2 protein chains.
Amino acid sequence: MAAPVVLAVDVMSGDHGLSVTVPAALSCLEQHKKLHIILVGDQVRIRAALLESRWQPGKRLTLHHCSEVVAMDESPSKALRHKKDSSMRVAIDLVKEGRAHAAVSAGNTGALMATARFVLKTLPGIDRPAIVSTLPAVLRPVHMLDLGANAECTSEQLVQFAIMGSALVTAINGTERPRVALLNIGSEEIKGNDTIREAAATLQQSTLNYVGFVEGDGVFFSDIDVVVCDGFTGNVALKTGEGVAKLIRQFMREEFERNIFTKAGAAAAMPALKALSRRIDPRRYNGASFVGLQGIVIKSHGSADAMSFGHALEVALKEVEKDVPTRISKLLSAAGLKAAG
Amino acid sequence: MAAPVVLAVDVMSGDHGLSVTVPAALSCLEQHKKLHIILVGDQVRIRAALLESRWQPGKRLTLHHCSEVVAMDESPSKALRHKKDSSMRVAIDLVKEGRAHAAVSAGNTGALMATARFVLKTLPGIDRPAIVSTLPAVLRPVHMLDLGANAECTSEQLVQFAIMGSALVTAINGTERPRVALLNIGSEEIKGNDTIREAAATLQQSTLNYVGFVEGDGVFFSDIDVVVCDGFTGNVALKTGEGVAKLIRQFMREEFERNIFTKAGAAAAMPALKALSRRIDPRRYNGASFVGLQGIVIKSHGSADAMSFGHALEVALKEVEKDVPTRISKLLSAAGLKAAG
């Protein structure tokens, strides 16, 4: 990394708060010598958390005190109106003010998205931001969006998601013309709905490398980089996939713990099972980007542990280095698309 | 089983046709002594397939010749209009005429649904039939619908699906008041859309045992019997789940085949791995019901092998024995709901 990168980290949010966010931030500082982190939250509690480490506030680690926290189940509108000194809000304010390059939070998705939109605003040409994350797949990780910011979408929005996803993959991976697909179903009488068909027609005429429809199972086995869908479908798909992976892990554990022979088998198979576990470890895929904003905001799973939250910090760092919002803006202008509203 | 059950089996459809459907039908006849199967398809080819078995047409096995087959990629409307002597159509006609209790086909879902609706008609009070199947889950298998018949649904239709799913689970499993949930997302600003909120409000007032919303991962870990969603979401969820399971199997195979030590580990772990594989084997979940029709139609995966197709036959047999359409009718009358159109 050339110039120093400054990340504003909301240390208060998430299921585990400071016990996860502070160690993850410090470990990230150890690994990236030009990184600067601003810990945003209750100063007293942050200082207490730092006592257990060799780190003290200084050149690369600063504290930014704030007095409130948005609860994990708090309504987005309430958080936005009444918690102007929350760790979540202040971390995003720091991005707006140019004092940080990106904000990272494990807080409640709805509140984080509402705050990010309100404070940072969307890029010209974007109606609504989207949530994007990577999923493991056979050929290479796939970027999928929207994962829950927009329960209902117009075809114009789906096209905007395609542009944003494409720009993101080019920025992050250097892929020249990322392969973009629309998530659809293929088994019913009419194959999908009007919105998806309209989006497909627009994408076929666009400069994007649009490759057609993909079904739910195809996401993991196709030669694609970006999968586009509305936020309802994307959220259900993401969580269903996580649920199935968790179910298989649980069934596997049960089968291996059945008796002394299966336990011995598990011990013998441990290296391969560990390698498998690493490949599908959801923590390695933690860190969803809110794309379409005039600034970078990364959302960590609420239940993240330090390793997992650290991965979200890495995603933020990478998006800053690759200047993702600018890349998206450029591709939007090139595509000549205008936002509907 | 008290009275004989007659199944009309479309032997021509599916990726593998007679080489799968005929052996599966014969094996089912071996296991159920009061079962009668009508093999529907090309008589010459069926007779050739029977030569390899000890079965000949007789009291429990009859042939019903027809001259056409609906292709796996044929449009539903074309199949409906131009292929009146297809194995799929004739199998359903036999149900309509009272000569069979249920039809089973591995043919193209769209054409099968269109034909079933046209020939059998929906039950009074049902706007559109739905596709329902079971998924593995931690506590017990979960019935999910719709899985792809209706890409867009009204709240009234979602409520009808809830009633049908509930009646089905009561009929099949004897569960008195099946626990019904609506599939939703919980992470965005507004939590779902108007359709789902309206359906939830109606279900809360209904006599069904409605337990609330469930998210994609919760489907596999909650105390629920029936999950209701529109066909687009359901199809994506089902296929994403299948995709993730397949991806994990592939990664596991790769890790076990990495070197001589991991191969030895795999051998030692084989009994547990086999037990796991059996628990999540998609073939054991093959056989989706088309509910809401005046008759029983079961759809097998197109790619089913004989074991898998046999499972679809078992689903048909069970639905006949439990007289599922009558149960659904009764619950519909009790609920006092009227179809919208």
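All chains are named by letter (A, B, ...) in the order of the sequence lines, taking the proteins before the strands, and each is independently numbered beginning at 1. Here the structure is a predicted model, which is why all the values come from computation and not from measurement. Heavy atoms only: backbone and side chains are in, while hydrogens, waters and symmetry mates are out.
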Between [options], which shows the greatest number of heavy-atom pairs under 4.5 Å with chain A?
options	value
B:Arg258, B:Lys263, B:Met252, B:Glu242	B:Met252
B:Gly216, B:Gly302, B:Ser77	B:Gly216
B:Leu276, B:Val244, B:Thr262, B:Thr240	B:Thr240
B:Ala264, B:Gly265, B:Ser277	B:Gly265
B:Leu238, B:Thr233, B:Asn259	B:Thr233

Heavy-atom proximity to chain B below 4.5 Å, by part of [X]:
X	value
A:Ile280	side chain
A:Ile196	side chain
A:Phe220	both
A:Val138	both
A:Ala137	backbone

* To do: Scan B:Val227, B:Val214, B:Val211 and name whichever one has a side chain to side chain contact (heavy atoms under 4.5 Å, CB included) with B:Arg179.
  => B:Val211
* To do: Answer yes or no: is there an ion pair linking A:Arg128 with A:Asp146, defined by an N-O contact shorter than 4.0 Å?
  => no
* **Carboxylate-amine/guanidinium contact A:Glu255 B:Lys274, below 4.0 Å** => no
* Looking at B:Pro129 and B:Ala149, what are the two nearest heavy atoms and their distance? -> O-CB, 3.8 Å
May I ask you to name which of [options] has the most heavy-atom pairs under 4.5 Å with chain B?
options	answer
A:Ser75, A:Gly243, A:Pro136	A:Gly243
A:Gly218, A:Ala269, A:Ala245	A:Ala269
A:Val219, A:Val236, A:Leu273	A:Val236

* Asked: Quick one: which of B:Arg284, B:Arg283, B:Arg279 gives a salt bridge (Lys or Arg N to Asp or Glu O under 4.0 Å) with B:Asp281?
  -> B:Arg283
* Structure fact -> Between the CG atom in A:Asp15 and the OG atom in A:Ser303, the distance rounded to the nearest 0.5 Å is 5.5 Å
* A:Glu152/A:Asp230 under side chain to side chain contact (heavy atoms under 4.5 Å, CB included): CA gap, chis, key distance, verdict -> CA-CA 6 Å; A:Glu152 282 161 298; A:Asp230 67 76; over 6 Å; no
* Heavy-atom neighbours of B:Arg278 CZ exceed 12 at 6.0 Å -> no
* May I ask you to check whether over 12 heavy atoms, not counting those of B:Lys246, lie within 6.0 Å of atom NZ? => no
